> 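Mind looking over this structure? Questions follow.
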Amino acid sequence: MIELAASILSADFARLGAEARAAVEGGATALHVDIMDGHFVPNLTIGPPVVASLRKVSRVPFDCHLMIEHPDDFIPMFAQAGVDWISVHQEACIHLDRTLHLIASHGCKPGVVINPATPIHLLDEVLPLVHHVLVMSVNPGFGGQTFIPATLKKIESLAKVRESRGLQFRIEVDGGVHHDTAARIVSAGAEILVAGSAVFEEGNPRESARRLLESALGTATDADQEISTAANYER
């Protein structure tokens with residue numbers, strides 16, 4: 001099942017609640033929340049108070065992507081603010097196994113993220129622990145970047161590892177997900193598409209989300225793939 005996680009980093013923050021609702025009405029089943037600290041990545045974004053405020057107006061899962069150093073210090077705060085999934089970077093975690101268990105202990109679904117230059121074999125020991133693997137298809141830190149084509153082989157390899165080991169984690173992709181890349185990403189094996197610019201940049205998140213989901217299945221090779229919508233999604 002293909003899902004869209006609309007990345008609020010690209011939304012109009014003066015109308016954040018309304019834009020988030022419109023993206024969900026267009027078919028997004030999760031809201032992707034990018035947390036950046038200005039150290040692990042060269043940008044600053046938002047903290048728990050904004051997440052808690054947005055939680056009041058949306059019931060879909062919040063997919064919290066921590067692009068920060070020392071993520072263990074902040075996991076409890078974001079869990080309390082109302083996020084449902086929390087992913088951390090393999091590159092930022094000294095004790096990744098411990099961090100993933102910490103996420104789960106706060107009632108959230110743990111995920112692990114890898115940057116474009118990070119090989120998937122570094123995740124071998126933690127794949128049984130995670131709800132999802134987030135594959136970065138751009139270098140993290142800014143929205144609106146161009147998709148890195150080599151990511152497709154990484155997605156394909158990760159899907160083969162999942163099948164060969166009989167694991168259940170989902171594959172999520174973030175970066176350059178647009179109308180001209182979505183179908184190729186899905187065909188490679190991804191199931192959760194993170195998109196910001198493609199959803200919000202034209203000022204009509206409802207329609208843009210709908211069209212992006214249609215594009216995602218344009219040339220998908222798996223005939224039984226379905227688009228997940230907020231109407232049929234169970235948290």
Side-chain angles (χ1 to χ4, degrees), residues 3 5 7-9 30-52 54-55 60-143 151 154-155 157-159 161-162 165-175 190-194 196 235:
E3 294 190 54
S7 178
I8 65 169
L9 182 64
L31 294 176
H32 186 82
V33 183
D34 286 316
I35 308 300
M36 307 182 192
D37 63 359
H39 297 284
F40 182 70
V41 292
N43 203 357
L44 286 168
T45 55
I46 62 174
V50 174
V51 175
L54 187 59
R55 178 82 283 173
V60 299
F62 283 8
D63 173 20
C64 183
H65 175 192
L66 297 181
M67 286 176 268
I68 62 176
E69 296 179 353
H70 311 296
D72 294 33
D73 296 341
F74 297 91
I75 287 166
M77 290 182 245
F78 282 103
Q80 186 175 9
V83 303
D84 301 276
W85 311 345
I86 298 179
S87 56
V88 294
H89 275 259
Q90 184 274 338
E91 304 87 357
C93 295
I94 297 174
H95 304 292
L96 181 57
D97 179 276
R98 179 186 299 166
T99 300
L100 294 172
H101 278 97
L102 177 63
I103 293 169
S105 74
H106 284 277
C108 298
K109 294 179 178 179
V112 63
V113 193
I114 50 174
N115 283 336
T118 302
I120 63 172
H121 72 80
L122 293 179
L123 304 181
D124 284 350
E125 300 303 322
V126 300
L127 289 177
L129 305 178
V130 299
H131 166 260
H132 60 287
V133 175
L134 174 52
V135 179
M136 293 301 300
S137 44
V138 299
N139 288 293
F142 298 95
T151 306
K154 183 180 287 188
I155 299 167
S157 297
L158 191 57
V161 168
R162 178 177 60 186
R165 295 179 60 181
L167 299 174
Q168 300 298 318
F169 64 84
R170 306 192 71 196
I171 300 174
E172 183 175 26
V173 176
D174 183 3
E191 299 139 326
I192 305 171
L193 306 180
V194 177
R235 287 183 62 186

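Computed from a prediction, not measured in an experiment: that's the story for all the values here. Heavy atoms only: backbone and side chains are in, while hydrogens, waters and symmetry mates are out.
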> If we ignore hydrogens and angles and just use 3.5 Å, is the side chain of K154 paired with the main-chain N or O of P116 as donor and acceptor?
yes
> The test is side chain to side chain contact (heavy atoms under 4.5 Å, CB included); show your working for I46 and I35 and say whether it passes.
CA-CA 6 Å; I46 62 174; I35 308 300; 3.8 Å; yes
> Which residue is it: E172, E91, H89? I am looking for the one with a side-chain contact (heavy atoms from CB on, under 4.5 Å) to M136.
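Answer to the side-chain contact (heavy atoms from CB on, under 4.5 Å) test with M136 among E172, E91, H89: H89.
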> Mind checking the CD1-NE2 spacing from I86 to H132? Nearest 0.5 Å is all I need.
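NE2 of H132 is found 9.5 Å from CD1 of I86.
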> Taking NZ, NE, NH1 and NH2 as the nitrogens, is one of them in D63 or K109 under 4.0 Å from a carboxylate oxygen of the other?
no
> Give, for atom CZ of R170 and atom CZ of R162, the distance between the pair rounded to the nearest 0.5 Å.
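The distance works out to 8.5 Å.
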> With sequence neighbours left out, what residues match H32 under ring pair (Phe, Tyr, Trp, His ring centres under 6.0 Å)?
H65
> Any chance you could measure F74, atom CZ, to I68, atom CD1, to the nearest 0.5 Å?
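The distance works out to 5.5 Å.
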> Out of curiosity, D34 CG to L9 CG, how far, rounded to the nearest 0.5 Å?
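Between D34 CG and L9 CG, I get 5.5 Å after rounding to 0.5 Å.
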> Let me confirm one number: the CG-NE2 distance from L102 to H106, rounded to the nearest 0.5 Å.
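Going from the CG atom of L102 to the NE2 atom of H106 covers 4.5 Å.
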> Walk me through whether F62 and L54 qualify under side chain to side chain contact (heavy atoms under 4.5 Å, CB included).
CA-CA 10 Å; F62 283 8; L54 187 59; 3.8 Å; yes
> Atom CD in Q90, atom OG1 in T118: separation rounded to 0.5 Å?
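So the gap between those two atoms works out to 5.5 Å.
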> Quick one: does N43's side chain have a donor or acceptor within less than 3.5 Å of a partner on M36's backbone?
no
> Indicate yes or no for a side-chain donor-acceptor contact from S137 to the backbone of D174 under 3.5 Å, with no hydrogens or angles considered.
yes
> Is there a donor-acceptor contact under 3.5 Å from the side chain of R165 to the main chain of D124?
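Side chain of R165 to backbone of D124, a donor-acceptor pair under 3.5 Å: yes, one is there.
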> Examine distances only and state if a side-chain atom of N115 and a backbone atom of A117 form a donor-acceptor pair shorter than 3.5 Å.
no
> Tell me which one of V130, V33, I192 satisfies side-chain contact (heavy atoms from CB on, under 4.5 Å) with W85.
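The residue from V130, V33, I192 that satisfies side-chain contact (heavy atoms from CB on, under 4.5 Å) with W85 turns out to be I192.
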> L66 vs F40, test: side chain to side chain contact (heavy atoms under 4.5 Å, CB included). Steps then yes/no.
CA-CA 10 Å; L66 297 181; F40 182 70; over 6 Å; no
